[in-house]
Student: 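Let me give you the structure first, and then I'll get to my questions.
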Amino acid sequence: MIEIEKAYEAKKYEDKIYEKWESSGAFKPKIDKKKKPFVISMPPPNATGVLHLGHAVMLALEDIMIRYNRMKGIPSLWIPGTDHASIATQNKVEQLLAQKKITKYDLGREEFLKEVDKFVKNSQSTIRNQIRKMGSSCDWTRERYTLDEGLTAAVQTVFVKMFKDDLIYRGSRIVNWCPRCESTLADDEVDYKESGEKLYWIKYGPFTVATTRPETKLGDTAVAVNPADKRYKKMIGQVFPIKSALGEYNIVVIGDKSVDMEFGSGAVKVTPAHSFADFEMAQRNKEVFKKVGIEPMKEVIDEKGRMKNNCGKYSGMTTKECRRALVEDLEKLGLIEKIEDYTHNLSICYRCGYTIEPLISKQWFINVDKPVIKDGAKKKSIKEKSIEVIKKGEIKIIPEKFNKTYFNWMTNLHDWCISRQIWFGHKIPVWYKMDENSKKEYEKNPEKSRHLLGDKEAICSIEKPDDKNHYVQDPDTLDTWFSSGLWTFSTLGWPNKTEDFEYFHPTSVLETGYDILFFWVARMIIMTEYTLGEVPFKTVYLHGLIRDKNGKKMSKSAGNGIDPLEMIAKYGTDPVRLSLVIGGTPGNDMCLFEEKIAGYRNFVNKIWNASRFALMNVSEEDLKKKFTAVMAKSTADKWILTELNALVKATNVDMEKYNFSEAGTRIYDFIWNNYCDWFLEMSKGEHKNPIVLLHVLKTALKLLHPFIPFVTEKLWELMGEKTMLIAEAWPLEDKNTVFKKEAKDLEEVKEMISKIRSLRSELKVEPAKKINAIIYAGKQVKLLEEKREIIERMARLENLQIEEKGKKIEGAKLITHGTMEIYLPLKDMIDMEKEAKRMKEEMIKKQNIITSIESKLSNKGFVKNAPKELIGKEKERLAKEKTELAKMAENMV
RNA sequence: GGGCGGUUAGCUCAGUUGGUAGAGCGUCUCGUUGACGUCGAGAAGGUCAGAGGUUCGAAUCCUCUACCGCCCACCA
């Protein structure tokens with residue numbers, strides 16, 4: 001008899017257990033070249049703040065995978081880390097400084113970066129603690145940071161390699177520009193927001209054009225029409241003077257298929273320097289511009305979103321101010337035909353929400369179409385290769401539906417702009433030669449002297465050029481996704497040929513939310529295939545977003561967010577983990593609400609109490625005994641062991657298929673229904689077998705450990721185990737513990753008890769009231785005699801008479817159960833009339849079932865095509881239903 | 001505009017080679033039975049969005065429709 005506390009108190013144990021795991025070295029895999037390792041690179045949380053539910057679900061799922069594989073004896077490595085998240089972090093620090101009325105320019109680059117580092121160190125330690133709170137069994141000795149020394153070396157090495165391969169180039173192109181961040185953004189870093197705008201119809205030489213951005217009129221160099229448009233066809237190639245508030249200017253008419261004849265007037269004003277579509281049109285019509293001597297690129301908006309000094313009286317105005325002023329002036333000139341309300345999608349910065357200003361800028365790009373990766377005799381572009389690895393199945397995405405999304409994105413990928421005008425990040429390893437004067441000028445104000453950074457004598461190298469006095473490093477930093485794209489191998493020590501890298505790469509699974517499939521997953525594939533010529537991981541597991549009870553996105557502003565840490569404090573980590581895993585399927589969003597967590601807290605407590613009961617019924621001696629199949633004594637023992645074995649088998653299949661929700665649900669069900677409600681209840685009588693009681697429970701604890709590591713570990717300890725559960729071997733099938741006949745017999749007994757209980761309840765017999773029963777058991781007399789005590793206790797019977805067969809008992813209620821007849825003499829206790837009616841209804845139901853099975857079995861097609869097993873089952877069932885109905889009919893008379 | 005999902009019990013969702021519709025929560029009726037009221041026993045509740053097709057048999061496969069959602073593109 002061992003007694004433990006009445007309820008599980010997570011808070012009391014969790015931190016201590018985590019420390020014990022960590023200090024035992026269990027998180028650190030042993031390199032064993034004979035075994036294939038299991039590796040997950042943890043998606044590094046941004047170094048900006050705190051853990052949210054997205055991280056929590058990520059940590060829960062990855063920990064399940066890692067613990068499961070570790071218990072299977074596979075060297076399992078889970079590398080944690082953080083991402084410097086250049087723009088996000090810089091913005092955050094800028095905001096904090098703004099509260100003190102300080103700008104980054106007040107501090108200067110160096111001082112500002114010191115501030116950022118301070119901030120990052122602080123949030124990193126917060127994040128570390130939170131990852132620990134979730135019970136994540138990651139290897140902290142290998143923790144990395146995208147901006148640490150080693151990773152910086154990896155970033156520089158890859159950049160130089162790409163530069164040498166001519167894959168990276170610097171060029172003036174139209175880019176997404178955030179005037180607030182004063183930086184470029186990649187195409188997929190642009191968000192769209194529906195916004196109510198005006199559509200201005202402007203008289204435009206011989207045309208009328210419609211635009212939402214009249215201020216860009218100052219940068220117009222053409223009007224585009226569809227070459228098939230009869231109205232304008234003849235004008236293509238001609239030059240027209242256009243009246244404006246700043247006097248006249250010339251435009252050329254170009255023909256381009258992308259112009260929609262139906263929209264507006266069918267003629268579009270073209271501002272190549274400030275619109276992606278216009279830029280492309282100008283590219284396609286280069287020759288036309290050349291012929292008439294018009295320079296297509298007329299830049300009128302600067303990096304701060306203000307009108308350039310070539311804009312006369314509008315110079316210095318913001319685009320918004322300019323729009324207002326210009327429209328007013330055009331109205332005075334009678335050039336505005338009409339103004340309509342119009343809704344369209346505004347491009348905004350995904351980090352700060354500010355309106356994007358497309359403009360021409362000199363930036364670094366990665367050419368995604370250049371054939372550069374050797375593949376046999378051919379060379380393939382990084383784009384082609386990245387598509388191929390998914391097509392060939394070298395990388396498997398779960399769920400598969402994302403393959404299509406991935407292909408679509410990858411196919412339409414344009415050259416990737418990788419330079420950012422952000423201070424915080426990896427500096428670009430390119431050096432520009434300058435004479436002394438230029439250098440002085442540049443250093444005085446780098447922001448305004450970018451034009452001095454000439455390409456001609458630029459050097460790309462990690463080291464500063466020898467002649468360092470004449471070189472200035474590129475002031476830009478790299479897109480944060482450039483470094484996170486290298487994450488799976490840079491964290492393993494690459495570019496050094498470390499043992500870790502050789503052994504652990506490629507990694508096994510990349511688990512993350514589907515929302516960063518493009519941002520990160522796709523870029524990892526690109527970068528890794530290019531750099532190493534291998535995949536970064538073999539499986540991509542994508543989880544869904546966590547939403548609130550009404551399916552709404554959780555957000556601070558909506559106030560519907562759930563803080564995982566608060567929930568952990570209230571209910572413990574284990575329930576939070578379960579609530580994030582069970583009920584979720586890969587790639588699908590999942591709702592989370594507090595009641596759900598509370599429900600799993602109940603489950604955790606249930607396991608605790610089942611263990612409490614088991615421990616109360618075993619001796620210290622029992623704890624030391626080792627279970628073997630021969631220790632199974634009773635039918636109940638054999639039944640639960642058979643069920644347990646089926647559970648182990650099914651769980652293994654689910655775990656291998658990444659069906660964690662189903663695996664979790666199944667174990668939950670086993671513990672609660674099979675183990676607690678039946679086996680434990682049965683064990684309260686004569687048939688007690690402490691060894692089986694313990695063995696089944698301990699096996700279930702092992703299966704549950706990846707899901708709810710804390711409570712299972714604690715119970716493991718309480719069961720007298722000296723080694724930790726985290727390092728225990730994963731349960732495997734044991735055919736010696738399968739007892740088909742006994743399992744089936746016990747199911748019969750269970751079913752019988754249920755039927756008696758059900759009838760009692762329907763007839764409103766008080767639960768406490770003991771009643772008599774006579775069972776004609778046929779061949780099952782022996783079984784029922786063995787289980788007599790259990791049946792009596794669980795069905796609340798006073799006097800149980802078991803016979804092989806006998807006569808109908810007048811005035812007693814009959815329950816038919818296959819060939820068995822159970823009579824309950826309840827005459828005095830029930831309303832016989834009502835009961836007769838109920839009985840009739842039941843018989844009709846039975847008759848319907850019989851009819852439906854009969855028609856199925858007389859269907860030639862069914863008999864011919866259905867599997868034999870199924871036909872056998874149906875026949876068996878028909879016989880059973882028929883027997884039962886006959887008995888009922890007999891009893892009615 | 002292009003693509004992808006979803007629609008199953010009052011609510012949140014499972015349902016993996018097509019073979020008698022499931023869970024949790026909620027509801028109702030009982031219950032102080034040797035662990036657990038963070039509990040137990042029992043019950044009610046579903047023409048699986050709609051229409052057609054394939055099949056002996058469809059929630060499951062195909063086609064169409066409706067509604068909801070997401071992603072990509074971005075038309076001035």
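Naming: A, B, ... by sequence-line order, numbering from 1 per chain.
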Student: Do Glu5(A) and A35(B) have a side chain to base donor-acceptor pair shorter than 3.5 Å?
Tutor: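 No such pair is found, so the answer is no.
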Student: Report which part of the nucleic acid Arg877(A) touches: base, sugar-phosphate, or nothing (heavy-atom distance under 4.0 Å, all strands).
Tutor: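 If one applies the 4.0 Å heavy-atom cut-off, Arg877(A) turns out to touch a base.
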Student: Taking Asp654(A) for the side chain and Phe660(A) for the main chain, is one N or O donor matched with an acceptor at less than 3.5 Å?
Tutor: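 Judged by distance alone, no pair lies under 3.5 Å.
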Student: Taking the side chain of Arg757(A) as heavy atoms from C-beta outward, which of C56(B), G42(B), A35(B) is closest to it?
Tutor: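 Closest nucleotide to the Arg757(A) side chain: G42(B).
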Student: Under 4.0 Å, heavy atoms only, any strand: does Glu766(A) hit a base, just the sugar-phosphate, or nothing?
Tutor: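 If one applies the 4.0 Å heavy-atom cut-off, Glu766(A) turns out to touch nothing in the nucleic acid.
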Student: Write down the distance separating the C1' atoms in C4(B) and U12(B), rounded off to the nearest Å.
Tutor: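 It works out to 23 Å between them.
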Student: Would you indicate what Gly685(A) reaches in the nucleic acid, counting non-hydrogen atoms under 4.0 angstrom: base, sugar-phosphate, or nothing?
Tutor: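 Counting heavy atoms under 4.0 Å across all strands, the contact made by Gly685(A) includes a base.
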Student: Answer with base, sugar-phosphate or nothing: what part of the nucleic acid does Ala277(A) contact at a heavy-atom distance below 4.0 Å?
Tutor: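 Counting heavy atoms under 4.0 Å across all strands, the contact made by Ala277(A) is with sugar-phosphate only.
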Student: Any chance the rings of Tyr668(A) and Phe707(A) have centres within less than 6.0 Å?
Tutor: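 For Tyr668(A) and Phe707(A), the ring centres are not under 6.0 Å apart.
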Student: Please state whether the phosphate of C13(B), meaning OP1 or OP2, lies under 4.0 angstrom from any side-chain nitrogen or oxygen of Ser661(A).
Tutor: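 No.
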Student: With respect to the phosphate group of A73(B), does any side-chain polar atom (N or O) of Asn412(A) fall under 4.0 Å of OP1 or OP2?
Tutor: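 No, Asn412(A) has no side-chain N/O under 4.0 Å of OP1/OP2 on A73(B).
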Student: Verify the distance criterion only: is there a donor paired with an acceptor across the side chains of Thr212(A) and Glu197(A) at less than 3.5 Å?
Tutor: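 No - no donor-acceptor pair under 3.5 Å links their side chains.
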Student: Taking the minimum atom-to-atom distance to the side chain of Phe518(A), which one of A73(B), G42(B), C72(B) wins?
Tutor: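 So the nucleotide nearest the side chain must be C72(B).
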Student: Confirm from the modelled atom types if Arg793(A) and U33(B) form a donor-acceptor pair under 3.5 Å, side chain to base only.
Tutor: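 No.
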Student: Could you please name the option among C56(B), A35(B), G42(B) that lies closest to any side-chain atom of Asn859(A)?
Tutor: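 Nucleotide nearest to Asn859(A)'s side chain: C56(B).
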Student: Please work out if Thr212(A) contacts a base, only the sugar-phosphate, or nothing of the nucleic acid, heavy-atom cut-off 4.0 Å.
Tutor: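 Result for Thr212(A) = sugar-phosphate.
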Student: Lys6(A) side chain N/O closer than 4.0 Å to the phosphate oxygens (OP1, OP2) of C36(B)?
Tutor: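 Yes, because at least one side-chain N or O of Lys6(A) sits under 4.0 Å from OP1 or OP2 of C36(B).
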Student: Go through C70(B), C75(B), U38(B) for me and flag the one nearest to the Arg601(A) side chain.
Tutor: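 In terms of side-chain proximity for Arg601(A), the closest of C70(B), C75(B), U38(B) is U38(B).
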Student: For Asn609(A) and Met281(A), take the nucleotide of RNA chain B holding the closest heavy atom to each; which residue's nucleotide lies nearer the 5' end?
Tutor: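 Nearest nucleotide further toward 5': that of Asn609(A).
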Student: Please evaluate the base of C74(B) for a donor-acceptor partner in the side chain of Asn345(A) within a cut-off of under 3.5 Å?
Tutor: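 Side chain to base: pair found, below 3.5 Å.
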Student: With nearest nucleotides of RNA chain B determined for His344(A) and Thr585(A) from heavy-atom distances, which residue corresponds to the more 5′ nucleotide?
Tutor: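 Per heavy-atom nearest nucleotide, the more 5' residue is Thr585(A).
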Student: Using a cut-off of 4.0 Å on non-hydrogen atoms, how would the nucleic acid contact of Asn659(A) be classed: base, sugar-phosphate, or nothing?
Tutor: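 It contacts base atoms.
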Student: Picking from G42(B), A14(B), U29(B), which would you name as closest to the side chain of Ser754(A)?
Tutor: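 For the Ser754(A) side chain, the nearest candidate turns out to be G42(B).
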Student: With a non-hydrogen cut-off below 4.0 angstrom, is Gly583(A) in contact with a base, only sugar-phosphate, or nothing?
Tutor: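 Gly583(A): backbone/sugar contact only, no base atoms under 4.0 Å.
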Student: Could you check whether Val259(A) gets within reach of a base, just the sugar-phosphate, or nothing at all, counting any heavy atom under 4.0 Å?
Tutor: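 Contact class for Val259(A): base.
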Student: Can you tell which of G5(B), G31(B), A35(B) lies closest to the side chain of Cys676(A)?
Tutor: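 Of the candidates, A35(B) comes closest.
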Student: Given Thr211(A) and Lys217(A), is the side chain to side chain contact (heavy atoms under 4.5 Å, CB included) satisfied, shown in steps?
Tutor: CA-CA 9 Å; Thr211(A) 179; Lys217(A) 186 170 189 254; over 6 Å; no
Student: Could you please name the option among C75(B), C72(B), G40(B) that lies closest to any side-chain atom of Trp672(A)?
Tutor: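 The nucleotide sitting nearest to the side chain is G40(B).
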Student: Strictly below 4.0 Å: does Lys404(A) bring a side-chain N or O up to OP1 or OP2 of C4(B)?
Tutor: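 Answer is yes, contact under 4.0 Å.
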Student: Applying a 4.0 Å non-hydrogen cut-off, can you work out what Ser611(A) is touching in the nucleic acid: base, sugar-phosphate, or nothing?
Tutor: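 Answer is nothing: Ser611(A) stays at 4.0 Å or more from every strand.
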Student: Regarding Phe276(A), tell me which of base, sugar-phosphate or nothing describes its non-hydrogen contacts under 4.0 Å with the strands shown.
Tutor: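 Since no nucleic acid heavy atom lies under 4.0 Å of Phe276(A), the category is nothing.
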Student: Counting N and O atoms only, with roles assigned by atom type, does the side chain of Asp622(A) sit under 3.5 Å from a partner on the main chain of Ser619(A), one being a donor and the other an acceptor?
Tutor: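 Checking the backbone N and O of Ser619(A) against the side chain of Asp622(A), a donor-acceptor pair under 3.5 Å is found.
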Student: Mind checking Lys606(A) for me? I need base, sugar-phosphate or nothing, with any heavy atom below 4.0 Å counting as a touch.
Tutor: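 It contacts base atoms.
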